[in-house]
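Read the structure below first, then the notes.
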Amino acid sequence: MPTHEVLNQSVPLPPFDAFRSDVALSEAIERGEGGWCGDRLSALGSIVGSPEIEELAREANRNPPELKAHDRFGHRIDEVTFHPSYHRLMALGKTHGVHSASWLRGGSPGAFVGRSGLHYLFVQAEYGVCCPLTMTHAVIPSLRKSPSVAATWEPRVLENAYDPRLVSADQKTGVTFGMAMTEKQGGSDVRTNTTVARPAPEGGVRLVGHKWFCSAPMSDAFLTLAQGPDGLTCYLVPRVLPDGTRNPLHIQRLKDKLGNRSNASSEIEYHETWAEPVGDPGRGVATIIEMVAQTRLDVATGSAAAMRQAVRYAIHHATHRSAFGATLIQQPLMRNVLADLALETEAAVALSFRIAAAFDRGRTDPGEAAFARVGTAIAKYWLAKRVIGLTAEALECHGGNGYAEDWPMARLYREAPLGSIWEGSGNVQCLDVLRAIHKSPASLAALWAELERPRGMDRRLDALLDSIKAELGDRETLQHRARRITERVALALQAGLLLRHAPPALAEAFLAGRLADGGLMYGNLPVGVDLDAILERTAAPA
Ligand SMILES: Cc1cc2nc3c(=O)[nH]c(=O)nc-3n(C[C@H](O)[C@H](O)[C@H](O)COP(=O)(O)OP(=O)(O)OC[C@H]3O[C@@H](n4cnc5c(N)ncnc54)[C@H](O)[C@@H]3O)c2cc1C
């Protein structure tokens, strides 16, 4: 309506290279020997930073997948249809090797770090499609527990092609994998799984039972857990059998979810579903945990990525919006909030990519492997928690626009809590930290080796390390204190990494704001912290 002139609204984010503009990421990639992936990261970074991708992400979430349980004649078909934008995003992710780059790089240094960079960028394209991409990447170590299974499936997984047809895997140019563990009676405690696996006359087993959560149900195959003759065992369930007929895997319904709307998450029934064992019989948890370790790392790097994306939008908005005579970004209190969010993101990138580097180095260094074991749970817990508050705060920086669906923040806000639930909820991660450090002396030694590296660089960090040591020495009430311990260890790791690798102004801000004089909300950095240095580094042009 011609009632007024539109003034003082923000402008669309101009195209940018999500890799080159991310100084913290570039430095973490270099530190972790992921430089081999630089050109690919930059290529993907410019695509992720294009307005077209923002629109695809919006469309994929506004047009969620639909279940077609039956065809119009009443035959059961169990198909899920997706909007074309979802398929385009999946094709993009697969073409860029988000699911394969580390494995194709073999055991070379920096393989996981480089590929984690691709994942980090792709999370900023669209979080939902990262679920099938992540699971497809993560399945390899579990498949390798059974060389004959790996020989058949690994080459198909590693193809950088997206082929959504529901046909047998041997006819496809590339496949995707899912993972189905959670049942109605328990997800954290998968030992309570009731699905049974009975030997099939033709070889393999037939499954009878259900799964309460099974994301990406149009995947070509799933790893699942079932009670076999020797106890809980991991099985591979193909969606379509080699003869071209559909394996009886029935999709009961799709979850009506808070967020992650582009991605289908389903409830499924196994009704004499054919499957083949993977790994040792009765060692199902030990087999599938290899896959889960990978997906947990992706939750950690993905949480850092989601922070980065939220902070970028917040800084952009605050740069273009004015109130009370100055742009928001010029207002001292808003500068404190934005710098604090940027600081949290820096610390998240540093921690998550340090763990990714431990995955790489752990192939030849047992100490690094032990650090990866405990560090993954620490980073997964802490970063998946921190991103929730950070996203809410970044949304608030947009004022009312942040709450409106025309803008991206509402979608990012709905995604934010998911990382703290799937792949093991928060408490489960903290209990896993305790388990790792008490059952494995190597993990405890590796954790302390990392924690002690910056000893002597700052008295506030030294004091925190001493108090963590005292807390761990007290074996009483450990479970009660598991969150406190994990949180303090995570903070100490982040502070140490920033002291050793970040510009001094950032490290000082983190120590002052998180270890010494911090408040409970973002935007509590004490007076004297160099906000300009943090904001300039975060808003680097590219
Ligand atoms: C969108 C979405 C997609 C998903 N996709 C998949 C999928 O593809 N495949 C799959 O297998 N699963 C999937 N899940 C399920 C997810 O992994 C589980 O929901 C999660 O592991 C928690 O299990 P639960 O829901 O049974 O909760 P519970 O195990 O009942 O846990 C409830 C709460 O209790 C806490 N808790 C549990 N044990 C303890 C303890 N000993 N001490 C203290 N606290 C404890 C947990 O931390 C949690 O906060 C998905 C979930 C969501 C939301």
Side-chain angles (χ1 to χ4, degrees), residues 61 64-65 80 126-139 142 176-195 207 209-226 232 234-237 239 249 251-270 284-285 287-296 298-299 302 377 380-382 384-385 388 411 414-435 477-486:
N61 283 276
V80 181
E126 206 282 310
Y127 196 70
V129 291
C130 288
C131 171
L133 293 170
T134 283
M135 292 194 289
T136 304
H137 173 260
V139 75
S142 294
T176 53
F177 259 84
M179 133 172 84
M181 290 184 284
T182 307
E183 296 187 2
K184 287 171 183 156
Q185 69 283 354
S188 307
D189 188 0
V190 290
R191 295 168 308 175
T192 63
N193 274 192
T194 58
T195 296
L207 303 176
H210 80 283
K211 294 293 164 182
W212 184 229
F213 277 93
C214 173
S215 288
M218 291 302 280
S219 300
D220 297 289
F222 305 87
L223 291 194
T224 200
L225 291 177
L232 197 62
C234 180
Y235 295 96
L236 186 153
V237 183
R239 193 78 163 70
L249 183 158
I251 304 173
Q252 297 295 85
R253 55 177 174 164
L254 299 187
K255 301 281 191 190
D256 186 4
K257 295 178 289 185
L258 168 67
N260 206 246
R261 300 242 174 100
S262 66
N263 179 31
S265 299
S266 66
E267 297 162 17
I268 60 169
E269 298 269 327
Y270 295 131
V285 174
T287 302
I288 213 163
I289 205 76
E290 300 276 339
M291 180 174 184
V292 174
Q294 299 287 334
T295 56
R296 285 179 179 170
D298 279 1
V299 170
K380 198 276 188 188
Y381 169 71
W382 183 237
K385 286 283 183 208
I388 302 171
R411 172 167 57 84
R414 284 195 300 271
E415 297 291 10
L418 184 50
S420 72
I421 298 171
W422 63 10
E423 315 310 329
S425 305
N427 287 354
V428 170
Q429 297 309 300
C430 295
L431 295 174
D432 197 38
V433 173
L434 293 187
R435 195 174 308 118
T477 64
L478 266 178
Q479 280 203 22
H480 177 94
R481 290 179 288 119
R483 280 191 181 219
R484 178 180 160 84
I485 291 170
T486 308

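Indexing begins at 1, ligand by ligand and atom by atom, following the structure's order. Source: prediction; values computed, not measured.
- Between the side chains of Glu126 and Ser262, a donor-acceptor pair is found at a separation under 3.5 Å.
- Across Leu431, Thr192, Ile288, Thr182, heavy-atom proximity to atom 17 (O) of ligand 1 is greatest for Thr182.
- Between the Ser266 side chain and the Cys214 main chain, a donor and an acceptor come within less than 3.5 Å of each other.
- Within ligand 1, counting atoms from 1 as listed, the ones closer than 4.0 Å to a heavy atom of Ser265 are 1 (C), 3 (C).
- Set against the non-hydrogen atoms of Gly186, the atoms of ligand 1 under 4.0 Å away are 26 (O).
- The option with the heavy atom closest to atom 48 (C) of ligand 1, from among Cys430, Cys214, Ser425, is Ser425.
- Taking every heavy atom of Gly187 and a limit of under 4.0 angstrom, the matching atoms of ligand 1 come to 23 (O), 24 (P), 26 (O), 29 (O).
- Legend: residues meeting ring pair (Phe, Tyr, Trp, His ring centres under 6.0 Å) with Tyr270, ordered by chain and number and at least two apart, are absent.
- Atom 25 (O) of ligand 1 lies below 4.0 Å from none of the non-hydrogen atoms of the protein.
- Interface atoms of ligand 1 facing Ser215, defined by a heavy-atom separation under 4.0 Å, are 3 (C), 4 (C), 5 (N), 6 (C), 7 (C), 8 (O).
- Atoms of ligand 1 found under 4.0 Å from any heavy atom of Ala180, numbered from 1 in the order shown, are 11 (O).
- Close approach to Met181 involves these atoms of ligand 1, each under 4.0 Å from a residue heavy atom: 10 (C), 11 (O).
- Considering backbone and side-chain atoms alike, Ser188 places an N or O below 3.5 Å from some N or O of ligand 1.
- Remark: ligand 1 atoms within the under-4.0 Å shell around heavy atoms of Trp422 are 2 (C), 3 (C), 4 (C), 17 (O).
- Glu423 has no carboxylate O lying under 4.0 Å from a charged side-chain N of Arg296, or vice versa, which leaves the two without a salt bridge.
- Atoms of ligand 1 lying under 4.0 Å from at least one heavy atom of Met179, given by number and element, are 7 (C), 8 (O), 9 (N), 10 (C), 11 (O).
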